[in-house]
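Count residues from 1 along the sequence. Everything numeric in this text was worked out from a predicted model, so none of it was measured.
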Amino acid sequence: MKNRDFKAWLSEFRNSIADYGYYVDFKKIYRNIDNIKIELNILNSLIGSKNIESDFEVLIKKYPEVLKCIPLLLAVRTNEIYAIDGDGEFTYQFRTPNLSIEQYKIFMRKTGLFDLIQNHIINNIIDYVTGVETGLDSNARKNRGGHLMENLVESFIKKSGFTRDKTYFKEMYIHQIVEKWNIDLSAISNEGKTEKRFDFVIKTDSMIYGIETNFYSSGGSKLNETARSYKTLALEADNIDGFTFVWFTDGKGWTNARHNLEETFDVMEHIYNIKDMENGIIDKICI
């Protein structure tokens with residue numbers, strides 16, 4: 001690693017590792033809608049109503065379970081919504097109604113939902129909710145991005161011939177490593193006071209590799225913190241016989257945090273990017 005040029009290595013970092021499923025998880029969206037499809041179809045009967053408030057009251061008395069769909073019409077996933085105005089403050093429960101139907105009518109009126117439904121601004125509530133779910137799902141891209149890097153690293157681990165739960169393990173805590181292979185990891189666990197979890201652990205005949213993975217498409221203070229903590233971890237791990245810390249990272253987000261990353265690069269032997277994996281680095285180090 002000491003012979004490698006940091007600037008050249010950083011220049012290989014990718015803008016994105018998004019696959020086709022990264023943008024929207026339609027299977028999850030359809031599953032969420034199917035769970036409330038009956039209630040949404042009942043709500044559809046209110047579209048274009050001439051007397052929507054009275055029709056809503058009749059509907060809720062007959063089908064109170066329809067209320068659980070209301071938060072989603074406002075792109076809210078919780079079953080409880082708080083609202084305050086000049087008339088007071090209210091906490092609306094939608095799974096188990098806690099207020100009068102009249103108060104829920106006020107909620108529908110003041111949030112604009114009655115207007116949305118009554119005046120044909122939408123023609124089908126299921127179609128509308130599908131759009132809402134799609135928008136909400138886009139917020140989950142950050143979590144999917146983290147899993148993308150894990151999945152990518154795992155694919156290279158498998159390509160190198162390692163088998164899950166036999167020669168490599170996913171999401172393994174320090175105490176599990178200690179118990180399984182009777183190795184002293186107190187140097188990286190603060191004498192057992194810190195419970196670190198590695199994304200992957202590879203076990204060969206002569207070495208245990210604790211692996212961390214991440215990909216940052218954008219910057220932020222978290223990157224500097226990550227670089228510093230992994231630098232410390234790498235230095236601590238150097239004192240442990242039979243254990244090696246490996247970090248796979250990538251992403252143009254590191255551009256603005258390159259100074260901290262370079263400090264870690266300078267002292268950490270096993271820090272690699274996606275290009276390194278494509279060039280077979282796992283085969284070279286995990287022997």
For this session: Not counting sequence neighbours, which residues clear side chain to side chain contact (heavy atoms under 4.5 Å, CB included) with E212? List them please.
Result: K196, F198, D199, Y230, F245, W247
For this session: Identify, with sequence neighbours excluded, every residue that meets ring pair (Phe, Tyr, Trp, His ring centres under 6.0 Å) alongside Y128.
Result: none
For this session: Specify the closest pair of heavy atoms between A75 and V132, including all atoms of both residues, with the distance to one decimal.
Result: CA-CG1, 3.6 Å
For this session: State plainly whether the residues E225 and R228 are in salt-bridge range, i.e. N to O under 4.0 Å.
Result: no
Exercise. Any link between I81 and L116 through a network of hydrophobic side chains (Ile, Leu, Val, Met, Phe, Trp, Tyr) touching at under 4.5 Å?
Worked result: yes
Seminar exercise, completed: ring pair (Phe, Tyr, Trp, His ring centres under 6.0 Å) filter on Y30, not counting sequence neighbours, yields F26
For this session: Take I282 and V246 through the test side-chain contact (heavy atoms from CB on, under 4.5 Å) and record every step on the way to the result.
Result: CA-CA 10 Å; I282 294 178; V246 182; over 6 Å; no
For this session: State whether R4 and D276 are salt-bridged, where the test is any N-O pair (Lys NZ or Arg NE/NH1/NH2 against Asp/Glu carboxylate O) under 4.0 Å.
Result: yes
Exercise. If two hydrophobic side chains count as joined below 4.5 Å and joins carry through other members, does L113 share a cluster with I106?
Worked result: no
Problem set entry | Beyond-backbone contact of L46 with Q118, side-chain heavy atoms, under 4.5 angstrom | no
Exercise. Given I271 and L261, is the side-chain contact (heavy atoms from CB on, under 4.5 Å) satisfied, shown in steps?
Worked result: CA-CA 10 Å; I271 177 172; L261 183 61; 4.0 Å; yes
Exercise. Would you find a donor on one side and an acceptor on the other, under 3.5 Å apart, between the side chain of S45 and the backbone of N41?
Worked result: no
Exercise. Just checking, is any N or O donor in the side chain of N279 or Y272 under 3.5 Å from an acceptor N or O on the other one?
Worked result: no
For this session: Please work out whether the ring planes of W9 and F13 are parallel, tilted or perpendicular, with thresholds of 30° and 60°.
Result: perpendicular
Exercise. Under 3.5 Å, is there a donor-acceptor pair between the E57 and Y104 side chains?
Worked result: no
Exercise. Are E154 and R164 within salt-bridge range, i.e. N to O under 4.0 Å?
Worked result: yes
For this session: Begin from the C-alpha positions of M268 and K231 and carry the test side-chain contact (heavy atoms from CB on, under 4.5 Å) through to its verdict.
Result: CA-CA 7 Å; M268 186 173 179; K231 175 184 176 181; over 6 Å; no
Problem set entry | Candidate list F94, Y82, F114, F90, test ring pair (Phe, Tyr, Trp, His ring centres under 6.0 Å), partner F107, passing option | F94
Exercise. What about F200 and F169, are their ring centers closer than 6.0 Å?
Worked result: no
Exercise. Between D115 and K110, is the closest basic N to carboxylate O distance under 4.0 Å?
Worked result: no
Exercise. Under 3.5 Å, is there a donor-acceptor pair linking the side chains of W254 and N260?
Worked result: no
Exercise. What are the two closest non-hydrogen atoms of I36 and C69, and how far apart are they?
Worked result: CB-SG, 4.0 Å
